2 protein chains.
Amino acid sequence: MAKPLSKAHRTDQPKESAHPPGSEAVDDYLKAIFQLSGRPERQVSSTEIAAHLSITAASVTNMLQKLAGQNPPLVAYEKHHGVKLSKAGKKRALEIVRHHRLIETFLHEILDYPWDEVHQEAERLEHFISERFEERIAAKLGHPEFDPHGHAIPALDGSLPAQEPQALSQLRPGQSAKVSSVSDNDPEMLRYLAAQGIRPGVKLTLSEQLPFQGAYQVRIGSSTKPALLSHSLAEAITVSKPQQ
Amino acid sequence: MAKPLSKAHRTDQPKESAHPPGSEAVDDYLKAIFQLSGRPERQVSSTEIAAHLSITAASVTNMLQKLAGQNPPLVAYEKHHGVKLSKAGKKRALEIVRHHRLIETFLHEILDYPWDEVHQEAERLEHFISERFEERIAAKLGHPEFDPHGHAIPALDGSLPAQEPQALSQLRPGQSAKVSSVSDNDPEMLRYLAAQGIRPGVKLTLSEQLPFQGAYQVRIGSSTKPALLSHSLAEAITVSKPQQ
DNA sequence: TTGAAATATTAGCCATGACTAAATATCGCT
DNA sequence: AGCGATATTTAGTCATGGCTAATATTTCAA
Ligand SMILES: [Mn+2]
Ligand SMILES: [Mn+2]
Ligand SMILES: [Mn+2]
Ligand SMILES: [Mn+2]
């Protein structure tokens with residue numbers, strides 16, 4: 001918000017706008033590109049970003065050109081060939097991811113949110129908390145390394161533990177593994193998983209996989225009766241390297 | 001954010017905009033009008049609102065017309081004669097004030113923010129927390145009635161304790177009173193007051209007032225050496241009805 | 001009572017970040 | 001290699017909420 005009252009500025013300000021650049025929208029683009037480009041890093045297409053953010057591809061192209069035109073550029077954009085984050089863009093994306101995961105952990109641990117409600121709230125707040133707030137909740141939580149869904153929280157310098165996450169759907173029958181993380185954006189799914197006792201750290205054994213992308217039959221922890229998980233559920237669960 | 005993928009809607013949506021009405025800006029106008037109109041309720045002028053929000057009067061007029069045109073109207077606007085909040089506008093304003101003061105209390109009590117830093121953070125977050133978040137921090141804090149500066153927190157139904165706040169500057173020499181609240185928007189001032197030991201609940205005695213709006217000499221609590229407060233400082237402190 | 005000063009509104013502009021429709025580039029396949 | 005399908009970009013529009021400059025209204029003092 002501008003200060004029309006101050007008369008003599010050193011240089012005439014470049015006219016503050018109602019919705020400053022480098023805002024919520026920009027954050028969400030950078031985060032989307034970060035999440036979609038995976039590891040090792042891949043170019044991300046306009047269409048993918050559009051689908052991820054539920055907006056049109058035209059809007060995405062428009063924004064990508066702005067992001068590429070910033071100084072410093074936030075993305076490297078090749079017309080018709082997608083984008084990659086620049087150094088600066090990646091730094092900002094990781095900052096927002098850190099906010100998101102710290103907020104989720106905070107909501108769950110301190111404010112007793114159920115784990116299926118933390119994502120939605122964090123998705124909004126991640127853009128608006130200060131560095132002070134970030135620092136304080138991190139301290140309060142004892143500088144946690146993982147959020148309630150098992151996702152690693154980037155450190156202050158943006159570093160993440162080198163992980164080799166594998167989808168549960170890629171296990172072979174008979175193999176065991178520990179749940180590393182679960183997808184955090186579908187509350188209904190999270191409630192279902194909680195009801196099954198599936199959460200990060202729990203040991204799973206794939207007893208059988210029905211043909212044609214059918215259900216996965218898993219034994220959970222040391223329980224006796226197995227559970228059945230759909231293919232999309234098995235895709236939403238990552239596990240650590242299978243043991244034995 | 002729109003969903004361009006859903007094809008057949010019941011009625012064609014009125015085209016979702018990037019910055020939905022009923023947002024941060026609207027909240028801040030309603031809050032400003034609420035704060036400025038005082039008790040008993042007064043009409044508030046465009047210029048006052050402009051100064052309070054550090055924007056131009058033209059922008060204010062523009063927004064007031066929009067607010068008056070909403071259904072239901074959020075303000076009663078008489079061209080050239082200022083505005084008052086409508087029922088709906090007052091409800092929303094109190095909702096935001098409740099957010100603000102709960103957040104301040106939360107930051108101070110749970111996250112150990114110093115009292116001069118809570119206002120700025122609350123000013124942003126008040127617009128973005130959910131009802132769930134509000135409810136959780138209120139519960140965590142034991143449903144507090146006052147924020148760290150002594151301001152009353154509106155109840156869920158919007159009610160506020162009937163208070164008769166009086167500026168310290170209106171005390172007569174010799175009178176004693178208890179500090180009720182201190183203005184919360186100037187961090188430097190708050191640090192100064194804290195250093196003097198002036199905070200809500202502390203007893204003050206006005207020993208002398210220098211002429212021509214000069215300094216106020218007060219004894220703080222049961223301390224022996226008096227402090228000197230400028231007129232603007234004495235305006236920023238409210239006290240409860242003088243005793244004796 | 002009247003005219004200048006102070007206040008307030010109008011008119012026209014801009015940036016952000018959506019949208020749709022039209023144009024164009026790339027890709028997959030014969 | 002070339003055609004058509006798919007992906008992507010361009011062009012033009014809109015709402016929100018700022019701004020400045022010009023105009024209109026109200027107020028106040030002579
Ligand atoms: Mn977000
Ligand atoms: Mn998560
Ligand atoms: Mn605010
Ligand atoms: Mn306060």
Side-chain angles (χ1 to χ4, degrees), chain A residues 1-7 9 12-33 36 42-70 74-75 77-83 127, chain B residues 1-7 9 12-33 36 42-70 74-75 77-83 127:
Chain A
M1 314 314 174
K3 298 201 181 85
L5 307 173
S6 51
K7 286 302 178 189
H9 270 294
D12 262 23
Q13 297 284 72
K15 192 189 232 177
E16 275 174 59
S17 118
H19 301 283
S23 60
E24 186 175 2
V26 170
D27 287 352
D28 279 339
Y29 276 94
L30 296 175
K31 202 169 54 135
I33 297 166
L36 292 169
R42 216 178 33 98
Q43 302 252 121
V44 179
S45 74
S46 308
T47 313
E48 285 175 277
I49 300 171
H52 187 84
L53 297 179
S54 298
I55 60 182
T56 63
S59 301
V60 173
T61 297
N62 182 56
M63 178 62 97
L64 294 184
Q65 288 171 350
K66 278 183 209 168
L67 296 179
Q70 302 245 325
L74 296 172
V75 300
Y77 169 58
E78 278 180 282
K79 199 168 281 193
H80 289 285
H81 296 284
V83 278
H127 310 291
Chain B
M1 315 310 179
K3 299 202 181 85
L5 308 173
S6 51
K7 288 299 180 191
H9 271 293
D12 263 23
Q13 296 283 75
K15 191 190 230 178
E16 274 176 59
S17 121
H19 302 283
S23 61
E24 186 174 2
V26 170
D27 287 351
D28 279 340
Y29 275 94
L30 296 176
K31 202 169 55 137
I33 297 166
L36 292 169
R42 231 192 57 217
Q43 303 252 118
V44 179
S45 74
S46 308
T47 314
E48 284 175 277
I49 299 171
H52 187 85
L53 297 179
S54 298
I55 60 181
T56 62
S59 301
V60 173
T61 297
N62 181 56
M63 178 62 97
L64 294 184
Q65 288 171 351
K66 278 182 207 168
L67 297 179
Q70 302 245 325
L74 296 172
V75 300
Y77 170 59
E78 280 180 279
K79 198 169 279 191
H80 291 285
H81 296 284
V83 278
H127 310 289

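Small disclaimer: the values here were computed from a predicted structure and weren't measured. Convention: sequence-line order gives letters A, B, ...; per-chain numbering from 1.
For A/T61, the listed nucleotide lying nearest its side chain is D/dT9; candidates were C/dC19, D/dT9, C/dG17. Listed candidates were D/dG17, D/dA11, D/dT20. Nearest to the side chain of A/A58 is D/dA11. Each of D/dG18, C/dG17, C/dT9 was ranked by its minimum atom distance to the side chain of A/V26; first place goes to C/dG17.
Remark: A/K79 is in phosphate contact with D/dT10, judged by side-chain N or O atoms under 4.0 Å from OP1 or OP2. Proximity of B/S23 to the phosphate of D/dG17: a side-chain N or O atom is located under 4.0 Å from OP1 or OP2. Regarding contacts with the backbone of D/dT9, a side-chain N or O of A/Y77 is found under 4.0 angstrom from either OP1 or OP2. For D/dT16, neither phosphate oxygen OP1 nor OP2 lies less than 4.0 angstrom from any side-chain nitrogen or oxygen of B/Y29. For B/T56 and D/dC19, the shortest distance from a side-chain N or O to OP1 or OP2 is below 4.0 Å. The side chain of A/S46 contributes an N or O atom lying less than 4.0 Å from OP1 or OP2 of D/dT9.
Rounding to whole angstrom units, CG of residue B/D28 and P of D/dG17 are separated by 11 Å. Separating the NE2 atom of B/H80 from the C1' atom of C/dT7 is a distance of 9 Å, rounded to the nearest angstrom. Between A/L74 atom CG and C/dG17 atom P there is a gap of 12 Å when expressed in whole angstrom units. Rounding to whole angstrom units, CG of residue A/L67 and C1' of C/dT16 are separated by 12 Å. The nearest whole Å value for the distance from the CD atom in B/E48 to the P atom in C/dA6 is 17 Å. Remark: P of D/dT9 and CD of A/E78 are 11 Å apart, rounded to the nearest angstrom. Taking atom CG on B/L64 and atom P on C/dT7, their separation rounds to 17 Å, with Å as the unit. Across the protein-nucleic acid pair, A/I55 atom CD1 and C/dC19 atom P stand 6 Å apart, rounded to whole Å.
Across B/L30 and B/V75, no two heavy atoms sit closer than the pair CD2-CG1, 4.1 Å.
You'll find the side chain of B/V60 reaches within 4.5 Å of the side chain of B/Y29, heavy atoms only. When side chains are defined from C-beta on, A/V26 does not count as touching A/Q70, because their heavy atoms never get closer than 4.5 Å.
Residue A/S59 is in base contact, counting any heavy-atom pair closer than 4.0 Å across all strands shown. Within the 4.0 angstrom heavy-atom criterion, base atoms lie near B/K66. Looking at heavy-atom distances under 4.0 Å, A/A57 makes contact with a base.
The existence of a salt bridge linking A/E48 and A/R42 is confirmed by a sub-4.0 Å separation between a basic side-chain nitrogen and an acidic carboxylate oxygen.
Of the residues near DNA chain C, A/H81 and A/N62, the one whose nearest nucleotide (by heavy atom distance) lies more toward the 5' end is A/N62.
Atom CE of B/M63 sits about 10.0 Å away from atom CG of B/L74, to the nearest 0.5 Å.
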* Given B/L64 and B/I49, is the side-chain contact (heavy atoms from CB on, under 4.5 Å) satisfied, shown in steps? -> CA-CA 10 Å; B/L64 294 184; B/I49 299 171; 4.2 Å; yes

